[in-house]
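One structure is given below, encoded as structure tokens.
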Amino acid sequence: MSELLLYNTYTRQKEIFESITPNHVGLYVCGPTVSGESHLGHARPYITFDVVNRYLQHLGYKVRYVRNITDAGHFEEEGREAEDKIAGKALLEKLEPMELVHKYTDLFHWGMRLFNCLPPSIEPTATGHVIEQISMIEDIMAKGYAYEVNGSVYFDVKKYASQYPYGTLSGRKIEDMLETTRELDGQDEKINKVDFALWKNAPPEHIMRWKSPWGEGFPGWHIECSAMSSKYLGDTFDIHGGGMDLQFPHHESEIAQSTIAHGHGPARYWMHNNMITINGKKMGKSYNNVIKLTELFSGNHPILEQAYHPMVVRFNILQTHYRSTLDFSNDALQGSEKALRRLWEAYEVLQKLTIPTNTEAKDEVLDQQVHSFCTECADFMNDDFNTAKVIASLFELAPTINSIRSGQIAANALSASTFTLLKSTFKTYLEDILGLQALQVEQSNKLDKVLSVLIDIRKDAKLRKDFATSDQIRNRLAESGVLLKDEKDGTVSYTIE
RNA sequence: GGUCGGGUGGCCGAGUGGCUAGGCAGAGCUCUGCAAAAGCUCGUACAGCGGUUCGAAUCCGCUCUCGACCUCCA
């Protein structure tokens, strides 16, 4: 089998993946800030890295997947007054900060569950690791790369850049940044505007505050990921992931902090997923075009023509390579919904088919085709997680499956081994790796029995050529969302919308 | 302004030098009491202009155009 190639943002090329510890992978993904409801944009990284996690496990790695919860609240560094997002929102909603954080964390987990994202191995919170963050800041100060001003601590980027490569990850030059940022404002505590906060002094009205060697305050944003990733994954771990928008300044700052604290950057491979856009514009609070997950699943948003099932969203995201932008539209989602339905039905048909006993394929050509569509799935995943191509291959197999079911293709056209491979490929890729699930909710036994009564009555009517009655049953059921299908073999199946 | 990445058929989207993904929508046919589903077949696209090459959506140059990052952001 081919080796796993992944695109490393740091080197800007695809590299062969080799884990630091054989058979183990340390994966860190920047998690959400739980100051508000999760939105469609959040779906992308967590689904992307869920597939990365699943695929690494499929390859036999034991993955320690760490994804943080930012519950300490970022501050607007450039704002006149330092404002804690979470504390501010808490005042608005008349909630304790902890109450608010809990509410949105639960909501986030709810969304992740619906998306069928496997939970991370560890989900550390920033507030639970203030001590670790403080000691890392102390370490950086002791090494001379941070300075204190009025109870706040800043990282000295200029000094760092003079001795270490800075800006590699995000493709930036410190000189350019120092030039473009000379909007000299004497108010700023920072020596250089490129400096970033490790610790912020808390103004009196600030609710979230912790004691530190520099007075009461709260940690800077970037330090939490550095402190927590090194705590749970070590000074150097395998993969650090997140959205492209975090490349700068967040990840660049993490590298700088870790380099001073540990002598090197935190991760060997940096992976960044691209953004979701709406009508070509990035979705974001500042654009006022955010679709929350609750709205997405309920259809309750002006942009949405209908509600979208979490699996449809997941499928839609996986139909696009993770490094491409993904433009949201109702048409695209509706297309994905139909596509997923068809693919999943083929999968269900396949599960019911019995594997033939012939060792030789009756149709060599078809057997070969099926075989290669199955095996190439691994190649596509190995090529920087090309889920779009995997899905295309599975679609290529759908007609064969459906034809075998309808008898247009004899079951023994395929050899027993190819048939087995076909079955395992669908199971492995569709369910285990892509993490997809049936759109339909499990039906209750009672409903099934009720429907079979109606189906039997309809069958009788059909035998009597009483098509008025049979059509009436079918139409009335359709009105209530139950679609009947007369199969070739005389049986009747139904799907519930 | 600086840096970077795009512009692919009606729509969504793969794809880095020849073998012209896939999905949705559309058209025709088969099957069917009718439907639905399914199967088969069809649309021959790569922003524009040059260049390199036997051959380019894919490489180079220019133009137009969209977007991302540079500030909280997935």
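Below, chain A is the first sequence line, B the second, and so on; all start at residue 1. Note that this is a predicted model, so its numbers are computed, not measured. Keep in mind that the numbers below use all heavy atoms, side chains included, and drop hydrogens, waters and symmetry copies.
Rounded to the nearest Å, the gap between the P atom of U71(B) and that of U3(B) is 16 Å. Taking the C1' atom of each, C42(B) and G9(B) are spaced 13 Å apart, rounded to whole Å. Spacing between C69(B) and G26(B) at atom C1', rounded to whole Å, works out to 40 Å. Rounded to a whole angstrom, the distance from the C1' atom of A14(B) to that of G1(B) is 35 Å. U8(B) and C66(B) are spaced 14 Å apart, taking the P atom of each and rounding to whole Å. Annotation: A35(B) and U44(B) have their C1' atoms spaced 33 Å apart (nearest Å). Taking the C1' atom of each, G61(B) and G67(B) are spaced 23 Å apart, rounded to whole Å. To the nearest whole angstrom, the two P atoms, one in U20(B) and one in C34(B), are 38 Å apart.
Residues passing the side chain to side chain contact (heavy atoms under 4.5 Å, CB included) test with Thr425(A), sequence neighbours excluded: Cys374(A), Cys377(A), Leu394(A), Leu421(A), Tyr429(A). By the side chain to side chain contact (heavy atoms under 4.5 Å, CB included) test, Gln13(A) is found to be paired with Thr11(A), Glu15(A), residues two or more places apart in sequence or in another chain being considered. Legend: residues meeting side chain to side chain contact (heavy atoms under 4.5 Å, CB included) with Ile122(A), ordered by chain and number and at least two apart, are Arg64(A), Val66(A), Pro124(A), Tyr232(A). Under the ring-ring contact (aromatic ring centres under 6.0 Å, His included) criterion, Tyr46(A) pairs with Phe108(A), sequence neighbours left out. In this view, Thr387(A) and Val51(A), Leu318(A), Met381(A), Leu434(A) satisfy the side chain to side chain contact (heavy atoms under 4.5 Å, CB included) rule, not counting sequence neighbours. Listed by chain and number, the residues in a salt bridge (charged side-chain N to carboxylate O under 4.0 Å, His left out) with Asp466(A) are Arg464(A) (sequence neighbours excluded). For Glu337(A), the salt bridge (charged side-chain N to carboxylate O under 4.0 Å, His left out) test picks out Arg341(A), with sequence neighbours left out.
Counting to the nearest Å, the C1' atom of G5(B) and the CG atom of Leu169(A) are 15 Å from each other. Here the C1' atom of nucleotide C72(B) and the CE atom of Met283(A) are 16 Å apart, to the nearest Å. At whole-Å resolution of the value, CD in Glu376(A) and P in G15(B) are 14 Å apart. Going from atom CG of Asn316(A) over to atom P of A14(B) covers 11 Å, rounded to whole Å. Atom CE of Met275(A) and atom P of G6(B) are 15 Å apart (whole Å). Per the geometry, NZ belonging to Lys282(A) stands 14 Å off C1' belonging to G5(B), to the nearest Å. Atoms OH (Tyr347(A)) and P (A38(B)) sit 19 Å apart, rounded to a whole Å. Across the protein-nucleic acid pair, Leu366(A) atom CG and C40(B) atom P stand 11 Å apart, rounded to whole Å.
The aromatic ring centroids of Phe385(A) and Phe49(A) lie 6.0 Å or more from each other.
Between Lys281(A) and the phosphate of G67(B), there is a side-chain N or O to OP1/OP2 separation shorter than 4.0 Å. For Asn402(A), no side-chain nitrogen or oxygen approaches OP1 or OP2 of C40(B) to under 4.0 Å.
Mapped onto RNA chain B by nearest heavy atom, Lys389(A) and Arg12(A) fall at different nucleotides, with Arg12(A) at the one closer to the 5' end. Comparing Ala398(A) and Lys14(A) against RNA chain B, the residue whose closest nucleotide sits nearer the 5' end is Lys14(A).
Checking Thr48(A) against Asn273(A) by side-chain atom types alone, no donor-acceptor pair falls below 3.5 Å. When only modelled atom types and interatomic distance are considered, Gln247(A) and Thr9(A) share no side-chain donor-acceptor pair under 3.5 Å. For the residue pair Tyr347(A) and Lys423(A), no side-chain donor N or O sits within less than 3.5 Å of a side-chain acceptor on the partner. Inspection of the Thr277(A) and Asp327(A) side chains reveals an N or O donor paired with an N or O acceptor under 3.5 Å.
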**OP:** Summarise protein proximity over nucleotides 22-30 of chain B in one line of letters, 5' to 3': B for base, S for sugar-phosphate only, - for none, counting protein heavy atoms closer than 4.0 Å.
**Re:** SSSS-----
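Stem regions for RNA chain B, each three or more consecutive Watson-Crick or G-U pairs with both distances under 3.5 Å and listed by first number, read B:1-7 with B:64-70, B:10-12 with B:22-24, B:26-30 with B:38-42, B:47-51 with B:59-63.
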**OP:** Could you walk me through whether Asn68(A) and Tyr28(A) pass side chain to side chain donor-acceptor pair (under 3.5 Å), step by step?
**Re:** CA-CA 8 Å; Asn68(A) 66 297; Tyr28(A) 187 92; 3.2 Å; yes
Original post:
Going through the checks in order, is the ring pair (Phe, Tyr, Trp, His ring centres under 6.0 Å) test met by Phe115(A) and Phe297(A)?
Top reply: CA-CA 11 Å; Phe115(A) 278 134; Phe297(A) 300 158; 5.4 Å; yes
**OP:** For the pair Trp344(A) and Phe315(A), evaluate ring pair (Phe, Tyr, Trp, His ring centres under 6.0 Å) and give the outcome as yes or no after the intermediate values.
**Re:** CA-CA 11 Å; Trp344(A) 201 269; Phe315(A) 186 71; 9.5 Å; no
**OP:** For Leu447(A) and Ile496(A), run side-chain contact (heavy atoms from CB on, under 4.5 Å): C-alpha distance rounded to whole Å, both residues' side-chain angles, the deciding distance at 0.1 Å, then the answer.
**Re:** CA-CA 11 Å; Leu447(A) 179 62; Ile496(A) 299 177; 3.5 Å; yes
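Within residues 470-486 of chain A, the residues having any heavy atom closer than 4.0 Å to RNA chain B are, in order of number, Ser470(A), Asp471(A), Arg474(A), Leu484(A), Lys485(A), Asp486(A). Applying a 4.0 Å cut-off to non-hydrogen atoms, the residues of residues 320-328 of chain A that approach RNA chain B are Thr320(A), His321(A), Ser324(A), Leu326(A), Asp327(A), listed by residue number. Of the residues in residues 41-53 of chain A, those placing a heavy atom less than 4.0 Å from an atom of RNA chain B are Gly41(A), His42(A), Pro45(A), Tyr46(A), in numerical order.
In this structure, the separation between CG on Leu246(A) and NE2 on His222(A) is 10.0 Å, given to the nearest 0.5 Å.
Residue contacts shown for Ile276(A) include a base, since a base heavy atom lies under 4.0 Å away.
Listed for the Arg67(A) side chain is no donor-acceptor partner under 3.5 Å among the backbone atoms of Glu123(A).
Glycosidic conformation at G28(B) (O4'-C1'-N9-C4 for purines, O4'-C1'-N1-C2 for pyrimidines): anti, more than 90° from 0.
Of the candidates A14(B), A74(B), G33(B), A14(B) carries the atom nearest the Asn386(A) side chain, counting heavy atoms from C-beta on.
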